[in-house]
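So you know, we letter chains A, B, ... as the sequences are listed, proteins then strands, and number each from 1.
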There are 2 protein chains.
Amino acid sequence: MIEKLIATIQERYAFSEEDANMLRARMTETLEFKPGDIIVPEGEEISYSSLLVEGFSCRSKYTTEGSRQIMQFNIPGDFVDLHSYPLEVLDHSITALTDCRIVKLQHRDITQIIDSNPRLGRILWFATMVDASMHREWLVCFGARAGAMRVAHLFCEMFYRLQVVGLTQGKSYRFPITQADLAQALGFTTIHVNRMLRELRDEGLATFRSKEVEIPDLKALEGRADFDPAYLYLEPRHQ
Amino acid sequence: MIEKLIATIQERYAFSEEDANMLRARMTETLEFKPGDIIVPEGEEISYSSLLVEGFSCRSKYTTEGSRQIMQFNIPGDFVDLHSYPLEVLDHSITALTDCRIVKLQHRDITQIIDSNPRLGRILWFATMVDASMHREWLVCFGARAGAMRVAHLFCEMFYRLQVVGLTQGKSYRFPITQADLAQALGFTTIHVNRMLRELRDEGLATFRSKEVEIPDLKALEGRADFDPAYLYLEPRHQ
DNA sequence: CGCCTCATTGACCTAGTTCAATTTGGGTGG
DNA sequence: CCACCCAAATTGAACTAGGTCAATGAGGCG
């Protein structure tokens with residue numbers, strides 16, 4: 001399982017076999033989490049980064065009024081807190097949405113890896129910048145895309161991301177979250193999310209039932225969502 | 001001027017004198033821009049990064065419907081597109097809001113610098129991660145903070161950031177943008193921004209007149225905005 | 001002086017929220 | 001296998017933050 005993921009990352013980020021081995025050797029320790037568990041707590045000094053190998057988690061923050069904003073969903077293959085290496089302390093938490101398994105990579109190992117192979121450092125840096133790019137696209141969604149469009153955009157994003165790691169089945173994929181989670185991610189109320197889902201369903205563009213998203217015609221949904229996958233930087237790199 | 005900025009960055013990011021000299025030697029070429037000019041265009045291959053030494057610019061994207069979303073304001077001292085080093089191609093544009101001057105740092109020089117001093121690489125990486133952290137806080141603002149609160153939050157953020165580079169005067173600072181720009185950044189209409197500004201003014205918390213923000217009581221405004229500067233990572237680092 | 005951009009205000013409209021039920025479906029104990 | 005339970009989904013009705021449309025001021029500058 002972890003091998004398959006390393007292979008995927010290897011291809012996507014143009015890893016050499018040597019690079020992959022270097023990582024492999026240092027990534028053996030795993031941790032497991034239950035839904036609702038905090039994988040990485042906000043505000044604490046962190047000494048290792050976590051590669052999510054199984055399950056779904058999310059980045060989120062709470063406001064002082066108690067409402068929670070989800071800023072990103074993490075899927076298998078994501079380094080959920082690689083940015084804790086440069087930042088040391090995170091501004092937000094990572095929370096498990098399902099049963100999750102992560103593999104640790106100690107920060108001191110990252111330092112060592114980068115010292116001996118600066119090119120790999122740039123690749124790791126790249127990975128964190130893709131997250132930033134997603135944040136920016138979400139900001140566009142929040143500021144300039146309303147209602148069903150916003151929901152549709154998220155469904156497209158998740159499709160592309162999950163496809164890369166082989167977690168789509170034809171026109172559908174498993175998205176193991178509740179409508180309440182969805183609402184916290186989209187900046188809507190649960191009720192409104194429900195209505196927007198119905199709208200997409202009625203339009204025949206997408207269904208979300210029993211934690212499964214089905215998209216009969218991806219291009220059509222992309223059109224509805226004003227979606228362009230460029231910001232995900234999925235094309236293989238060539239540095 | 002650039003010396004003063006390097007000094008500021010030096011303190012904030014724990015640069016050694018040697019590091020600073022290394023950068024100084026490679027940052028000599030400057031470019032100038034007029035309001036509205038595109039400093040870094042979306043989607044193009046980029047071979048150098050730009051340190052903004054004078055003026056204000058912003059990160060923004062356009063939707064296909066033509067509306068523009070501003071995702072961040074850049075101020076003097078910001079490496080506006082350092083992330084173009086790992087990404088190579090940017091997902092958004094950087095546009096000048098006022099007369100701007102930037103200093104170039106070639107990507108090949110960055111590679112050289114990092115190869116000879118990996119620690120400096122981590123510092124540069126850190127700088128880009130602070131931008132990502134700001135994006136996340138903005139996402140919270142969009143999803144969970146409404147009306148005048150959102151405006152207040154931005155005013156607080158700008159105060160802290162400008163203070164670091166010595167661009168505040170007591171309780172006020174110059175913020176050379178229009179209410180329309182403000183609206184595009186906050187996800188409101190110009191009209192609504194105007195109303196929210198009046199609200200803050202009536203409450204005696206902040207005024208924005210002739211491109212000048214005045215905050216009589218910063219703590220009070222922070223309370224109104226649910227603002228906590230931690231996400232800006234302004235505390236001097238200690239790696 | 002006159003123009004043009006930007007700020008301001010009012011009146012009306014709508015997307016999204018709030019409150020309050022009701023339904024559905026998966027899981028669990030008897 | 002059925003009865004029950006509980007979380008999640010769904011729907012309706014009333015309300016409000018924010019948008020839209022339209023008009024008026026106010027400042028800067030050629």
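- Side-chain polar atoms of Glu157(B) and Tyr231(B) form a donor-acceptor pair below 3.5 angstrom.
- Thr178(B) and Asp181(B) share a side-chain donor-acceptor pair at under 3.5 Å.
- Of the side-chain N and O atoms in Asn194(B), none sit less than 4.0 angstrom from OP1 or OP2 of dA7(C).
- Between Met196(B) atom CE and dG18(D) atom C1' the separation is 8 Å, expressed in whole Å.
- Arg195(B) comes within 4.0 angstrom of a base, heavy atoms only.
- Taking every side-chain heavy atom of Thr178(A) into account, dA9(D) is the closest of dA9(D), dT8(C), dC6(C).
- With distances taken from any side-chain atom of Phe188(A) to the nucleotides dG16(C), dG19(D), dT9(C), the minimum falls on dG16(C).
- The nearest whole Å value for the distance from the CD1 atom in Ile177(A) to the C1' atom in dA8(D) is 13 Å.
- Across the interface with DNA chain C, nearest-nucleotide mapping of Arg145(A) and Ser210(A) shows Arg145(A) to be the residue nearer the 5′ end.
- In this structure, Arg198(B) places its CZ atom 7 Å from C1' of dT9(C), rounding to the nearest Å.
- Side-chain atoms of Arg209(A) stay outside donor-acceptor range of the base of dT24(C), with no qualifying N/O pair under 3.5 Å.
- When rounded to the nearest whole Å, the span between NZ of Lys211(A) and C1' of dG26(C) equals 11 Å.
- Taking atom CZ on Arg150(B) and atom C1' on dG19(D), their separation rounds to 13 Å, with Å as the unit.
- The side chain of Ile191(B) lies closest to dC21(D), out of dT8(C), dC21(D), dG12(D).
- The pair Glu137(A)-Lys61(B) counts as a salt bridge, with a side-chain nitrogen and a carboxylate oxygen less than 4.0 angstrom apart.
- Side-chain atoms of Glu222(A) and Tyr160(A) form a donor-acceptor pair, as typed in the model, at a separation below 3.5 Å.
- For Glu212(A) and dA8(D), the CD to P distance is 18 Å, given to the nearest whole Å.
- Residue-level contact check: Leu197(A) touches neither bases nor backbone, having no heavy atom under 4.0 Å from any strand.
- With dT20(D), dG18(D), dG16(C) as the candidates, the nucleotide lying closest to the side chain of His192(A) is dG16(C).
- Remark: Arg101(A) engages Glu32(A) in a salt bridge, criterion side-chain N to carboxylate O under 4.0 Å.
- In this structure, the nucleotide among dA13(D), dT8(C), dG19(D) sitting nearest to the side chain of Gln179(B) is dT8(C).
- In this structure, Leu182(A) atom CG and dT10(D) atom P are separated by 12 Å, rounded to whole Å.
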